[in-house]
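Below is one structure, written out as structure tokens, with a few remarks after it.
Side chains are part of it too, since the values below use all heavy atoms of this structure and drop only hydrogens, waters and symmetry mates.
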Amino acid sequence: MLIGAGPLARPGHTGGRADMPRNINGSLVLLLTIAVQVTFAVLFLGFFAFDVSTILTQPVGYSVRELFELFAVLALILSIAINIVMIRRLLKRAAAAEQALMIARGAFQTLAEAEFDRWELSRAEREVALLAIKGFSNAEIAEMTGKSEGTVKSQSAAVFRKADVQGRIGLVTHFMEEIVGDTLVPGQD
């Protein structure tokens, strides 16, 4: 099971794919904005066409107003095209970022399972360890798992002892060091 999904997820946090309605709502707002721009561009172009047709009945050159309208229509059409291109790029980036996040979650899950195996944690201790890594308090873990707070404290202490770390911060730090490794800050030797 992936961290951030299922029974180990933070209440109110669905993780990954279940967050899509928020992304869809954002996309709908952008699409609605483009639709409004297109509607006004068509109306504006219609007014411009009407103005041009009246000019054609009167053999007079373009006035400053009509030239301004022409440039405004062209600018509006260009902005719509730019918006469409930018939205497509943003949606591709969002999809790539979501895929990378899912890969990272899977990699972390694999790392966590390997460490839990090495530490010989029981199933209950693994559950408590994952929730502790995610930042839940003992009271929250007890509520989520249906255990007493004393049981959670005891299982947490067993996890910390078997992992040879000093509390929750040590547990999280252990995994961060495993993930980051010996990566140096740029500019340092």
Quiz item: Can you check whether Glu140's main-chain N or O pairs, donor with acceptor, with Glu143's side chain at less than 3.5 Å?
Solution: no
Self-check item: Beyond-backbone contact of Met144 with Phe136, side-chain heavy atoms, under 4.5 angstrom
Solution: yes
Quiz item: What are the two closest heavy atoms between Ala163 and Leu171, and how far apart are they?
Solution: CB-CD1, 4.3 Å
Self-check item: Residues, nucleotides or ligands: over 12 heavy atoms within 6.0 Å of Asp164 CG
Solution: no
Exercise. Please report the C-alpha distance between Arg88 and Asn83 in whole Å, then the side-chain angles of each, then the deciding distance to 0.1 Å, and finally whether the side-chain hydrogen bond (donor to acceptor under 3.5 Å, both in side chains) criterion is met.
Key: CA-CA 9 Å; Arg88 292 181 80 190; Asn83 281 343; over 6 Å; no
Self-check item: Separation of Ile82 CD1 from Leu78 CG (nearest 0.5 Å)
Solution: 4.0 Å
Practice problem: Can you establish whether the number of heavy atoms outside Ile169 located under 6.0 Å from its atom CD1 is more than 12? | Solution: no
Quiz item: Quick one: OG1 on Thr173 to CD on Gln166, what's the gap to the nearest 0.5 Å?
Solution: 11.5 Å
Self-check item: Exceeds 12 heavy-atom contacts within 6.0 angstrom, atom NZ of Lys162
Solution: yes
Quiz item: Just wondering, do Phe160 and Arg168 contact through their side chains at under 4.5 Å, heavy atoms?
Solution: yes
Quiz prompt | Member of Lys147, Arg126, Glu127 meeting the side-chain hydrogen bond (donor to acceptor under 3.5 Å, both in side chains) criterion with Gln155 | solution = Lys147
Self-check item: Min side-chain heavy-atom separation Phe108-Ile133 under 4.5 Å
Solution: yes
Quiz item: Would you find more than 12 non-hydrogen atoms of other residues, nucleotides or ligands less than 6.0 Å from Arg118 atom CZ?
Solution: yes
Quiz item: Taking atom CE of Met102 and atom CD of Glu98, what is their separation to the nearest 0.5 Å?
Solution: 7.0 Å
Quiz item: Should Leu101 and Leu90 be counted in the same cluster of Ile, Leu, Val, Met, Phe, Trp and Tyr side chains packed under 4.5 Å apart?
Solution: no
Quiz item: What orientation do Trp119 and His174 show, parallel under 30°, tilted 30 to 60°, or perpendicular over 60°?
Solution: tilted
Quiz item: Is a side-chain N or O of Ser154 found less than 3.5 angstrom from the main chain of Gly150, in a donor-acceptor match?
Solution: no
Quiz item: Any idea which heavy atoms bring Asn138 and Val152 closest together, and the distance?
Solution: OD1-CG1, 3.6 Å
Exercise. Could you tell me whether the side chain of Leu121 reaches within less than 4.5 Å of the side chain of Val159, counting heavy atoms only?
Key: yes
Quiz item: Are Thr145 and Leu131 close enough that some pair of their side-chain heavy atoms sits under 4.5 Å apart?
Solution: yes
Practice problem: Taking the side chain as every heavy atom from C-beta outward, state whether Arg89 and Met86 have any atom pair closer than 4.5 Å. | Solution: no
